[in-house]
Amino acid sequence: LFKVQARSVNGDAQETPTTLNFGVNAVTGPSALVYPYKCVGNPGDTLIYQIVAEEVTDLFAVECHIEIDANLELIDIIDGNLHSEWGGDALVIQEITGQTFSLSMVSVEGTTTAYSGTATILSIITRIKPTADIGSEIEAMLFSNIRFVNPQLEAMDIQITRSGWIAVDD
């Protein structure tokens, strides 16, 4: 919903704003996104990023490798809502090595073993290190080897993979 109210240079204003209803769909098809796309923070600030599977159909399993920039400290990794969307338990294997981690997740039991829609795979809590380069823009989260798999064990064609960025202020 977007409202616009006109005002002239002499101060006259439109009494009732014009209302426009619109939707934005910048992504079509299965995508892997870091949300928010860009954060602004200072050294010492805590930031939370979400890894999102967007517009998937019959998502049964996820595999990915994520690298976190050296200017960020990894604080925690929290399961997203994908587990609850599957309606049961998932087999999750996480391997964390320094600034990188690998994730394998598969639905093993539940009311549904495949999910269609948009869901958070996990949330990543980080802190900007005190030594971060002030005034810099950094690619905070970088995906590689991401794979979405359907119940027939076929890989989905991922349309967009979008990393997350951070602007470090003082």
Which side-chain N or O atoms in residues 75-83 pair as donor and acceptor under 3.5 Å with protein atoms at least two apart or in another chain?
| unit_1 | atom_1 | unit_2 | atom_2 | d |
| --- | --- | --- | --- | --- |
| N81 | OD1 | T120 | N | 2.7 |

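Using a 4.5 Å heavy-atom threshold, the side chains of L33 and I160 count as touching. Side-chain contact between I128 and T126 is absent, with no heavy-atom pair separated by less than 4.5 Å. Two residues are said to be in side-chain contact when any heavy atoms from C-beta on lie closer than 4.5 Å; M156 and T57 fail this criterion. Here the side chains of K129 and L72 are not in contact, with every heavy-atom distance at 4.5 Å or above.
Closest approach of P30 to D157, counting heavy atoms only: CG-O, 3.8 Å. For the residue pair D58 and S116, the shortest heavy atom distance occurs at N-OG, 3.0 Å. Heavy-atom minimum distance, I124 versus L122: CG1-CD1, 3.5 Å. Scanning all heavy atoms of the two residues, the minimum distance from R147 to A155 falls at CG-CB, 4.1 Å. In plain terms, the two heavy atoms of I121 and F148 that are nearest each other are CD1-CE2, 4.1 Å. Considering all non-hydrogen atoms of both residues, P43 and D169 come closest at CD-O, 3.3 Å.
Looking only at distances, no side-chain donor or acceptor of W86 sits under 3.5 Å from a matching main-chain atom of V108. The backbone N or O of I66 lies less than 3.5 Å from no partner atom in the side chain of T100, so there is not a single donor-acceptor pair. The closest donor-acceptor contact from the side chain of S163 to the backbone of M141 lies under 3.5 Å. Side-chain atoms of Q99 come within 3.5 Å of backbone atoms of D69 as a donor-acceptor pair (strictly under, hydrogens ignored).
Applying the salt bridge (charged side-chain N to carboxylate O under 4.0 Å, His left out) rule to E139 yields no partners; only residues at least two apart in sequence or on another chain are considered. Evaluation of the salt bridge (charged side-chain N to carboxylate O under 4.0 Å, His left out) rule for E73 yields R127 as partners, not counting sequence neighbours. Considering only residues two or more places apart in sequence or on other chains, E154 meets the side-chain hydrogen bond (donor to acceptor under 3.5 Å, both in side chains) condition with N150.
Hydrophobic clustering, defined by side-chain heavy atoms of Ile, Leu, Val, Met, Phe, Trp and Tyr closer than 4.5 Å, groups Y37 together with W165.
Here the rule is side chain to side chain contact (heavy atoms under 4.5 Å, CB included) with Y35, and of I51, I48, V52 only V52 fits it. No option in Q94, E95, H65 other than H65 meets the side chain to side chain donor-acceptor pair (under 3.5 Å) test with S102.
If you chain together hydrophobic residues whose side chains sit under 4.5 Å apart, I93 and I96 never meet in one group. Note: the hydrophobic cluster containing I138 does not contain V40 (ILVMFWY, side chain heavy atoms under 4.5 Å, direct or indirect links). Under the 4.5 Å side-chain heavy-atom criterion for grouping Ile, Leu, Val, Met, Phe, Trp and Tyr, I125 is not connected to V92 through any hydrophobic cluster. Under the 4.5 Å side-chain heavy-atom criterion for Ile, Leu, Val, Met, Phe, Trp and Tyr, V34 and I146 are members of the same hydrophobic cluster. Connection of Y49 to F143 is established within a shared hydrophobic cluster, with ILVMFWY side chains joined at heavy-atom distances below 4.5 Å, either directly or through further cluster members.
The side chain to side chain donor-acceptor pair (under 3.5 Å) contacts involving residues 38-48 comprise K38-E137, where partners must be two or more places apart or lie in separate chains.
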> Should M105 and L91 be marked as a side chain to side chain contact (heavy atoms under 4.5 Å, CB included) after you check the CA-CA gap, both sets of side-chain angles, and the distance that decides it?
Replying inline: CA-CA 6 Å; M105 179 186 305; L91 174 63; over 6 Å; no

